[in-house]
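So the structure is just underneath, and the comments pick up after that.
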Amino acid sequence: MEPEPSPLPNGDSTASAAATTTAAASIASAVAANAAPIQSTRINHLAESLKLEHQFLRVPFEHFKKSMRSNHRIAEKEMSTVVASVSEAVNRDNMSQEEAVNHLTSLVSKLQGLKRKLEEGSKSENLQAQRCRARLDHLDAAEAENLSEWNNTRLKRILIDYLLRLSYYDTAVKLAECSHIEDLVDIEVFHEAKKVIDALHNKEVAPALAWCAENKSRLKKSKSKFEFQLRLQEFVELVRADNNLRAITYARKYLAPWGATHMKELQRVMATLAFKSNTECATYKVLFEFKQWDFLVDQFKQEFCRLYGMTLEPLLNIYLQAGLSALKTPYPYYFNQQERFAACYVPALFIILRLEGCKLGKF
């Protein structure tokens with residue numbers, strides 16, 4: 001009869017336990033040694049990724065500053081009106097009791113209106129501050145443990161930025177609402193741009209001129225020509241309508257101040273008074289082409305992005321270009337730029353089209 005094998009090597013239970021403990025310790029040490037570089041690499045990648053979030057923080061901050069400046073101007077204007085009204089009442093010696101009551105009633109009404117505007121301005125500022133806080137908290141929450149989820153949110157932010165820039169406003173709003181990231185995207189900022197762009201597509205310059213007046217100091221600081229181009233287009237439209245007398249009056253009022261810096265362009269546009277809109281001269285015919293309005297739309301988008309510190313290219317383009325440049329392929333020279341973008345935009349297009357209930361709409 002064969003003897004049964006011993007369950008312990010050499011029949012020594014103490015030696016076996018020691019060997020098992022040593023092996024487990026070695027495995028744990030090896031796992032920890034391999035996990036440490038992986039963890040360190042994730043942290044380094046996260047730190048590098050956060051460096052690309054400049055626009056993510058600057059846009060709401062610039063919007064916040066703009067709201068503050070606008071509210072400050074409104075308060076100054078209303079207060080000046082109230083002070084002037086009080087001074088007028090003080091300097092009048094023969095004011096009757098009824099006139100004094102009416103004057104005080106008017107002052108109270110103005111002060112109530114000022115209070116209402118200040119409250120609305122305060123709500124707007126608090127909303128902008130809340131969005132800045134939400135974005136800071138979002139960046140602060142980025143850790144190596146939740147990097148996958150955080151990157152998923154960033155992908156949605158990038159897609160929404162792309163949709164807003166390409167005028168798919170309704171789709172962008174729907175995606176933001178479904179993902180609950182309204183405070184992390186710039187829908188309100190692009191909604192402001194939508195009004196101007198829609199007006200320019202309808203060949204109206206009034207909203208664009210109002211936007212220029214609202215941001216006059218910053219546009220002047222950046223040496224922007226956008227307002228000048230708007231004025232030129234409005235002059236050309238007057239000439240197109242054969243309203244030469246009004247066009248000359250308009251030029252004296254709005255174009256003459258630009259003469260010191262843009263004389264050549266002014267001379268060229270003023271010559272349209274002689275050539276008319278049906279001219280065949282290429283130099284002046286191009287000024288009457290309707291594609292000039294498309295040029296104004298593109299110029300506005302550039303000025304708008306520059307004002308808020310946005311990149312001129314959509315973030316999706318930038319990330320795709322960066323990723324493709326680092327992508328290793330056995331045939332790197334067989335892909336031209338157009339093929340690369342087509343290969344990357346097709347998946348993004350499928351993502352957009354699969355958003356149930358989303359409607360494409362111009363912004």
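Along the sequence shown, the residues carry numbers beginning at 1.
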From CA spacing to verdict: side chain to side chain contact (heavy atoms under 4.5 Å, CB included), Phe304, Val189: CA-CA 10 Å; Phe304 183 81; Val189 174; 3.3 Å; yes

Residues Leu175, Thr171; criterion side chain to side chain contact (heavy atoms under 4.5 Å, CB included); working and verdict: CA-CA 6 Å; Leu175 178 56; Thr171 307; 5.6 Å; no

Evaluation steps, side chain to side chain contact (heavy atoms under 4.5 Å, CB included), between Trp211 and Glu192: CA-CA 9 Å; Trp211 182 84; Glu192 175 187 342; 3.3 Å; yes

Step-by-step side chain to side chain contact (heavy atoms under 4.5 Å, CB included) determination, Arg135 to Asp183: CA-CA 7 Å; Arg135 299 195 182 196; Asp183 287 340; 5.9 Å; no

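Atoms CD1 and CG, from Ile197 and Asn202 in turn, are 12.0 Å apart once rounded to the nearest 0.5 Å.
A heavy-atom distance below 4.5 Å is not found between the side chains of Leu155 and Tyr319. Here the side chains of Glu214 and Arg73 are in contact, with some heavy-atom distance below 4.5 Å. Considering only heavy atoms from C-beta on, Leu296 comes within 4.5 Å of Gln233 through its side chain. The side-chain heavy atoms of Lys285 and Phe275, taken from C-beta on, include no pair separated by under 4.5 Å. Considering only heavy atoms from C-beta on, Ile187 stays 4.5 Å or farther from Glu182 through its side chain. At least one side-chain heavy atom of Tyr169 sits less than 4.5 Å from a side-chain heavy atom of His191. In this structure, Leu118 and Ser122 have side chains that are not in contact, with every pair of non-hydrogen atoms separated by 4.5 Å or more. Between Phe235 and Tyr254, every side-chain heavy-atom pair lies at or beyond the 4.5 Å cut-off.
Heavy atoms of other residues, nucleotides or ligands lying less than 6.0 angstrom from CZ of Arg246 number 12 at most. Counting heavy-atom neighbours within 6.0 Å of Lys123 NZ, excluding the residue itself, gives a total of 12 or less. In this structure, Lys65 places its NZ atom where more than 12 heavy-atom neighbours from other residues, nucleotides or ligands lie under 6.0 Å away. With a 6.0 Å radius and a threshold of 12 heavy atoms from other residues, nucleotides or ligands, Glu149 has its CD atom at or below the threshold. Open room surrounds CE on Met68; 12 or fewer heavy atoms of other groups in view lie less than 6.0 Å from it.
Here Arg165 does not pair with Glu313 in a salt bridge; the nearest charged N to carboxylate O distance is not below 4.0 Å. Classification of Glu188 and Arg131 as a salt-bridged pair holds, one side-chain N sitting under 4.0 Å from a carboxylate O. A salt bridge does not link Arg58 with Asp186: none of the charged nitrogens is closer than 4.0 Å to a carboxylate oxygen. With respect to Lys225 and Glu303, no salt bridge is recorded, no charged nitrogen being found less than 4.0 Å from a carboxylate O. Salt-bridge check for Asp170 with Lys174: failed, with every basic side-chain N at 4.0 Å or more from each acidic carboxylate O. For Glu78 and Lys110, the salt-bridge test fails: no basic side-chain N is under 4.0 Å from an acidic carboxylate O.
In this structure, the side chain of Ser80 engages the main chain of Glu76 through a donor-acceptor pair within 3.5 Å. Judged by distance alone, the side chain of Arg268 and the main-chain N or O of Thr283 form a donor-acceptor pair under 3.5 Å. For Trp150 (side chain) and His138 (main-chain N/O), a donor-acceptor pair under 3.5 Å exists by modelled atom type. Side-chain atoms of Asp140 do not come within 3.5 Å of backbone N or O of Leu136 as any donor-acceptor pair. Using a distance-only test at 3.5 Å, with no hydrogens or angles considered, no donor-acceptor pair links the side chain of Gln128 to the main chain of Ser67. Thr105 contributes a side-chain N or O that, together with a main-chain N or O of Val101, makes up a donor-acceptor pair within less than 3.5 Å. A distance-only check finds a donor-acceptor pair linking the side chain of Thr272 to the backbone of Val269 [under 3.5 Å]. For the pair Ser222 (side chain) and Leu219 (backbone), a donor-acceptor distance under 3.5 Å is present. With Asn102 contributing its side chain and Glu98 its backbone, the two residues share a donor-acceptor pair below 3.5 Å. Although no hydrogens or angles enter the test, the distance criterion places no donor-acceptor pair under 3.5 Å between the side chain of Ser179 and the main chain of Ile181.
A single hydrophobic cluster is seen to contain both Leu232 and Trp258, as judged by linkage of ILVMFWY side chains at heavy-atom distances under 4.5 Å, directly or through other members. Leu200 and Val236 sit in two unconnected hydrophobic clusters of ILVMFWY residues. Membership requires side-chain heavy atoms under 4.5 Å apart, directly or through other members. Placement of Tyr168 and Val297 within a single hydrophobic cluster is found when ILVMFWY residues are connected by side-chain heavy-atom separations under 4.5 Å, directly or transitively. Cluster membership for Phe64 and Val59, using ILVMFWY side-chain heavy atoms within less than 4.5 angstrom, is not shared. Criterion: ILVMFWY side-chain heavy atoms under 4.5 Å apart, direct or through other members. Under it, Leu255 and Leu245 are not part of a common hydrophobic cluster.
Taking the side-chain contact (heavy atoms from CB on, under 4.5 Å) definition, one finds that Ala210 meets it with nothing, sequence neighbours left out. Every residue meeting the side-chain contact (heavy atoms from CB on, under 4.5 Å) condition with Gln302, not counting sequence neighbours, appears here in chain and number order: Leu312.
Side-chain contact of Glu237 with Tyr250: a donor-acceptor pair under 3.5 Å is absent, judged by distance alone. Asn215 and Arg218 form no side-chain donor-acceptor contact under 3.5 Å, judged by distance and modelled atom types alone. In the model, Thr311 has a side-chain atom that pairs as donor or acceptor with a side-chain atom of Gln55 under 3.5 Å.
Annotation: cation-pi geometry satisfied between Arg157 and Phe56 (NZ/CZ under 6.0 angstrom from ring centroid, within 45° of ring axis). Cation-pi geometry between Arg240 and Phe288 is not met: the NZ or CZ atom fails to fall both under 6.0 Å from the ring centre and inside 45° of the normal.
The side-chain contact (heavy atoms from CB on, under 4.5 Å) test with Leu315 singles out one residue from Leu320, Ile160, Asp161, and that residue is Asp161.
In this structure, Cys212 and Leu230 approach most closely via the heavy-atom pair SG-CD1, 3.9 Å.
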